[in-house]
Amino acid sequence: MSSRPAYYVTTPIYYVNDRPHIGHCYTTLVADAAARFMRLAGRDVFFLTGTDEHAEKVVTSAQEHGVSPIEWADRNAQAFREAFGEMGFSHDDFIRTTEPRHIGRVEGYIRALQATGDIYLGDYVGWWDPSQEEYVTETTAREHDYKSPVTGRELVKRTERNYFFRLSAYQDRLLAHIEANPGFLRPDARRNEVVGRIRQGLQDVPVSRAIDESDAASRWGIRMPEDPSHRIYVWIDALFNYLSTVDTPERERFWPADLHLIGKDILWFHAVIWPCMLMALQRDLPGCVYAHSYWIREGRKMSKSLGNFIDMPTLRAYVGRYGLDAVRWHLLTQGPLGATDADFAHAKFVEVYNADLANGIGNAASRVSNMIGKYFDGACPDPKGVTSHAGHDWPAIAGACAEGALRRIESADFAGALQEGIALTRRVDGYVNATEPFKIAKDDARRDELGAILYHCAEALRIAALLLLPAMPATMTDMLGRFSSAPKKGETFDDLARWGGLRPGAGIEKGESLFPRADAKEAPPDGGAPGAGKGPGDLPGAGLGA
Ligand code: ME8
């Protein structure tokens, strides 16, 4: 058992009928950065991702490809694993809803809810959206002319004998919880949206589907434990993954999750149905459900019909040209964390890359290590007790950035946390420009001052690299190594970020450029977005491994 406080972060589990794309990578990347930050901060972290496999469309896709549903699921779950490996994600587990460890526990939760009467048998008449595998309310159906609000496909009126979850019984408790915990649903705009809908009234929701034994798609899923003529609705099955994965003696300390990261499309399930099911199970509620917005591309929504999805081949082309950490950086800092969508545009990618990385941390590191090489033979100079110089109180400046980053991570402001590292780098640039150490170097009498300046620069950059480490693990580890400051196992953020960690005399190596400057005139590495007038680009169906 660890005495360190637990931190549990999750991503949605992704449908295996599709290939991984930027959206899946993005949510998982944000979770990865949060997990890495928390590990650095000394927390006992569990980071979970995985795949959602019991959707009917898995069976139809499998049939189209002439394989069995589980073969299709295996193949695509593997594609997700590989994609997440390529992105450098550090998840602690990858759950698949077809695994026995999940299925057994889901049956247990359903039994428990039936025993308390929170799940009961009844009749349901409603508008079914076959393309999304969900019912939509009468109001939504009417508003959208009885077409799917997501895909525009015809809705179907369905009557079903079903098992229901007594959602209505939890409306007041859920509202009270949301009110008492302002950080529970984030960002604020999403919370207001959800609260508005809850206030219109919660109705009980079906949690099962009757099985038509002659239909393979209908048979696919977990059966209701006491009634094999029904299977558990895929969304209910899927939500339980967050709990089932850690519902073991070795992992129970991780519940409740600190952060469920999701996209705005699946907010209702996570903000309403899931918490109410947990209340019914008498389990604690997650600390935060954070629903980010969407990536769009070159100003247009990404869709299968436009064929403009940023899929793995596209991401791989960017990684090939600019490096994995540059791609991670762009997604993390320019992504749709708030309530507005974010545009993936090539010109912006190059602009941010040059500003933050090539001309930012990369240039600052090479400038400072160059001068230490030239004036001090590559050995870190001794500041001789000076910490404050030319209007810069360095321990205070660096301390504020480190503390700011941690505080922002705690409040799920991931992009803001990373900006602290960039801000610290800019302070170093400003300091070098103001003090002009290359001029001071010409005056032997000012050698101590020169040493102090370069120490301050190198030490501030070491701390900046630490703050950027969760976003860019490979490059920042490389940079810290060059500054003889690779974090050792067991060292916590507090120790590492404290001013003075860099030892005078330690080797400061210049090495290759961390982020070579990018040419803004060069065409996008994948040929550009289809339909954006820049060439054919990635065609629909271009799969992973192309
Ligand atoms: O909904 N921009 O899975 P899914 C940003 N299996 N993120 C995006 C995105 C975009 N354009 N497109 C997708 C499911 N995402 C269910 C979840 S959880 C118990 C079950 C991301 O494969 C975003 O996180 O359709 C979104 O919520 C998720 O992918 C949907 O993935």
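Whatever order the structure lists ligands and atoms in, that order sets their numbers, starting from 1.
For D74 and R96, the salt-bridge test passes: some basic side-chain N is under 4.0 Å from an acidic carboxylate O. Contact check on R199 versus E179 returns a salt bridge, with a Lys/Arg side-chain nitrogen under 4.0 Å from an Asp/Glu carboxylate oxygen. Between D215 and R209, none of the side-chain N atoms (NZ, or NE/NH1/NH2) sits under 4.0 Å from a carboxylate O, so this pair counts as no salt bridge. Salt bridge R407/E420: absent, no basic N to carboxylate O contact under 4.0 Å. The pair D44-R253 counts as a salt bridge, with a side-chain nitrogen and a carboxylate oxygen less than 4.0 angstrom apart.
Closest to atom 11 (N) of ligand 1 among all protein heavy atoms lies W295 O, 3.2 Å.
Looking at I13 next to ligand 1, an N or O pair under 3.5 Å apart turns up. At under 3.5 Å, a nitrogen or oxygen of D265, whether backbone or side chain, sits near a nitrogen or oxygen of ligand 1. An N or O contact shorter than 3.5 Å is missing between Y14 and ligand 1 by distance.
Short contacts between ligand 1 and D52, defined as distances under 4.0 Å to a heavy atom of the residue, involve ligand atoms 6 (N), 16 (C), 20 (C). If you number the atoms of ligand 1 from 1 as listed, the ones under 4.0 Å from a heavy atom of G263 come out as 23 (C), 24 (O), 26 (C), 27 (O). Residue T27 has at least one heavy-atom neighbour below 4.0 Å for each of these atoms of ligand 1: 21 (C), 23 (C), 24 (O). Within the listing of ligand 1, atoms 19 (C) sit less than 4.0 angstrom from a heavy atom of A238. Listed by atom number, the atoms of ligand 1 under 4.0 Å from H21 heavy atoms are 12 (N), 13 (C).
With a heavy-atom cut-off of 4.0 Å, S293 touches ligand 1 through its backbone alone. Under 4.0 Å from ligand 1, the heavy atoms of Y242 that appear belong solely to its side chain. Within the 4.0 Å heavy-atom criterion, the part of H270 lying near ligand 1 is the side chain and not the backbone.
With sequence neighbours excluded, the residues forming a side-chain contact (heavy atoms from CB on, under 4.5 Å) with S61 are N17, W72, listed by chain and number. Partners of R197 under the side-chain hydrogen bond (donor to acceptor under 3.5 Å, both in side chains) rule, at least two apart in sequence or in another chain, do not exist in this structure.
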